[in-house]
Amino acid sequence: MRLVFAGTPEPAVPSLRRLIESERHEVVGVVTRPDAVAGRGRKVTRSPIGLLADEYGIPVFTPRKPSEPEFIEQLTELAPDCCPVVAYGALLPERVLAIPRHGWINLHFSLLPAWRGAAPVQAAILAGDEITGASTFLIEKGLDTGPVFGTVTEKVRVTDTSGILLERLAESGAHLLESTLDGVEAGALQLVPQSADGVSYAPKVEVEAGRVRWDEPALAINRRIRAVTPNPGAWTEVDGKRIKLGPVEMVEETLPVREIEVRKSGVFIGTATTAVRLTEVQPQGKRMMPALDWARGARLQPGAVTE
């Protein structure tokens, strides 16, 4: 089939690469979000999907909104049979949805109808889900409400951060998306409407969601930190300074809530239940470092607490 692929961040790359290399399909265009300022140097940067398309010489379209008349005209001229989507990052108007004869097929990183929305992987870890996965579905007007073509499951490991889990789902999801498109082309797949039961939502994770609440149980803190790692990142404040936190390890002993204790064996902080041991810390303006190195450099006083 003639495909126009829509996607933006790194997790969409395995899917686009797999479709480019497919012998059954031809990627005739790529749609991605406009180049944006990123990084410490604040340079204008192409999206990962845009860079991959450039590498293969595939035309790239970066409309600010998919409803722009110029983009609609360009897409119509390409005459795609289908438009696969992976984390594109913009809502598609009905006029655009109607252009490809097989519609727009989205790869979503959850087992729908669970965790519809922008941050399904983070939500699954935060909720303590033991199993998650990815789904391919036909995009409709609603938010991730369309009928499902297929799914793949993935176990959530106790050490998974959202970044690590998303890497695995991006790979297994790429296989799922390709097999879905193969099945659509062959007319061999049957759409299954999503159940009205088990619907949950995963809105975009804002920076404030990464603030650790030390009066929560250790297990909830562990999940929160893993859920927001690497983005937007977990953080707390010590002596009025914000620091980012890497994943923590739960221990059996207790400490007063928010109290920091520095030992030869590590840096420990009290929670509502048992204490946690910090692994890595990133002070403002510096790189991630072992927590003990940070604590020694910060010269924390006995009885120091997080804020």
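What's counted below: heavy atoms across the whole structure, side chains too, no hydrogens, waters or symmetry copies.
Within a 6.0 Å radius of CZ in R24, other residues, nucleotides and ligands contribute more than 12 heavy atoms. Within a 6.0 Å sphere centred on CD of E252, other residues, nucleotides and ligands contribute 12 heavy atoms or fewer. Taking a 6.0 Å sphere around CG of D293, one finds it holds more than 12 heavy atoms contributed by other residues, nucleotides or ligands. The number of heavy-atom neighbours closer than 6.0 Å to CD1 of I131, taken from other residues, nucleotides and ligands shown, is above 12. In the displayed structure, R299 atom CZ is contacted under 6.0 Å by at most 12 heavy atoms of other residues, nucleotides or ligands. Annotation for E70: atom CD does not count as buried by contact number, only 12 or fewer foreign heavy atoms lying within 6.0 Å. In this structure, R211 places its CZ atom where more than 12 heavy-atom neighbours from other residues, nucleotides or ligands lie under 6.0 Å away. Atom CD of E94 has 12 or fewer heavy atoms from other residues, nucleotides or ligands within 6.0 Å.
A salt bridge does not link R2 with D81: every distance from a Lys NZ or Arg NE/NH1/NH2 to an Asp or Glu carboxylate oxygen is 4.0 Å or more. Between R263 and E253, at least one side-chain N (NZ, or NE/NH1/NH2) sits under 4.0 Å from a carboxylate O, which counts as a salt bridge.
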Step-by-step salt bridge (charged side-chain N to carboxylate O under 4.0 Å, His left out) determination, E237 to K244: CA-CA 9 Å; E237 291 185 354; K244 277 194 170 184; over 6 Å; no
Test log, rule side chain to side chain contact (heavy atoms under 4.5 Å, CB included), inputs H175 and R18: CA-CA 8 Å; H175 288 265; R18 192 167 185 87; 3.0 Å; yes
Salt bridge (charged side-chain N to carboxylate O under 4.0 Å, His left out) evaluation trace for D215 with R258: CA-CA 7 Å; D215 56 354; R258 292 192 296 276; 5.1 Å; no
Chi angles and distances behind the side chain to side chain contact (heavy atoms under 4.5 Å, CB included) call for Y88, I49: CA-CA 9 Å; Y88 169 45; I49 284 298; over 6 Å; no
Derivation and outcome, side chain to side chain contact (heavy atoms under 4.5 Å, CB included), residues R168 and D160: CA-CA 10 Å; R168 296 205 306 275; D160 274 339; 2.8 Å; yes
Worked verdict on R224 versus E216 for salt bridge (charged side-chain N to carboxylate O under 4.0 Å, His left out): CA-CA 10 Å; R224 177 178 298 279; E216 290 186 334; 3.7 Å; yes
Side chain to side chain contact (heavy atoms under 4.5 Å, CB included) between H102 and E185, worked out: CA-CA 9 Å; H102 288 300; E185 182 184 35; over 6 Å; no
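At least one side-chain heavy atom of R46 sits less than 4.5 Å from a side-chain heavy atom of D54. Using a 4.5 Å heavy-atom threshold, the side chains of I105 and L177 count as touching. Within the 4.5 Å cutoff, no side-chain heavy atoms of L169 are placed close to those of P11. A heavy-atom distance below 4.5 Å is found between the side chains of L181 and H25. Counting heavy atoms from C-beta on, the side chains of L78 and F61 come closer than 4.5 Å. Side-chain contact between F149 and V184 is present, with at least one heavy-atom pair separated by less than 4.5 Å. Side-chain contact between S47 and P9: absent, with no pair of heavy atoms (C-beta onward) separated by less than 4.5 Å. Here the side chains of Q194 and P147 are not in contact, with every heavy-atom distance at 4.5 Å or above.
With hydrogens and angles disregarded, no donor-acceptor distance shorter than 3.5 Å links the side chain of T274 to the backbone of T254. Between the side chain of T271 and the main chain of A275, no donor-acceptor pair closer than 3.5 Å is present. In this structure, the side chain of T279 engages the main chain of P247 through a donor-acceptor pair within 3.5 Å. Within the 3.5 Å criterion, the main-chain N or O of I269 finds no donor-acceptor partner in the side chain of R277. Of the possible donor and acceptor atoms, one in the side chain of S135 sits under 3.5 Å from a partner among the backbone N and O of L112. Using a distance-only test at 3.5 Å, with no hydrogens or angles considered, no donor-acceptor pair links the side chain of S162 to the main chain of Q122. With hydrogens and angles ignored, the 3.5 Å screen pairs a side-chain donor or acceptor of R33 with a backbone N or O of R64. Between the side chain of E171 and the backbone N or O of E167 there is no donor-acceptor pair closer than 3.5 Å.
Criterion: ILVMFWY side-chain heavy atoms under 4.5 Å apart, direct or through other members. Under it, V31 and V28 are part of a common hydrophobic cluster. Linking ILVMFWY side-chain heavy atoms closer than 4.5 Å, directly or via other members, places L176 and L19 in a single hydrophobic cluster. Note on V60: it does not cluster hydrophobically with L52, by side-chain heavy-atom contacts below 4.5 Å among ILVMFWY residues. Taking hydrophobic clusters as Ile, Leu, Val, Met, Phe, Trp and Tyr residues chained together by side-chain heavy-atom distances below 4.5 Å, V212 shares a cluster with L300. Residues L107 and L16 share a single hydrophobic cluster, defined by chaining ILVMFWY side chains whose heavy atoms lie under 4.5 Å apart.
Looking at every heavy atom in both residues, G246 comes nearest to I225 through O-CG2, 3.4 Å. The shortest non-hydrogen separation linking T132 to A124 is OG1-CB, 4.2 Å. Between V96 and W104, the closest heavy-atom pair is O-NE1, 3.0 Å. Closest approach of S110 and P120 over heavy atoms only: CB-CB, 3.8 Å. In terms of heavy-atom proximity, I72 sits nearest to I99 at O-CD1, 4.0 Å. Closest approach of A12 and G7 over heavy atoms only: CB-CA, 4.4 Å.
Taken from CZ in F268 to CD in E249, the straight-line distance is 8.5 Å, to the nearest 0.5 Å. If you take CG on L138 and OG1 on T145, they are separated by 9.5 Å, rounding to the nearest 0.5 Å. Annotation: the span from I260 atom CD1 to L255 atom CG amounts to 10.5 Å, rounded to 0.5 Å. With rounding to the nearest 0.5 Å, the separation of CZ in R116 from OG in S200 is 8.5 Å. One finds the CD atom of E26 at 11.5 Å from the CD1 atom of I20 (value rounded to the nearest 0.5 Å). The CZ atom of F137 sits 11.5 Å away from the CG atom of L191 when rounded to the nearest 0.5 Å.
Contacts of K204 classified as side-chain contact (heavy atoms from CB on, under 4.5 Å), with partners at least two apart in sequence or in another chain: A118, E206. Under the side-chain hydrogen bond (donor to acceptor under 3.5 Å, both in side chains) criterion, W214 pairs with T236, T306, not counting sequence neighbours.
No donor-acceptor contact under 3.5 angstrom links the side chains of T62 and T32, judged on distance only. For W115 and D129, the side-chain atoms include at least one donor-acceptor pair closer than 3.5 Å. Using modelled atom types, one finds a donor on one side chain and an acceptor on the other under 3.5 Å when comparing T180 with T136.
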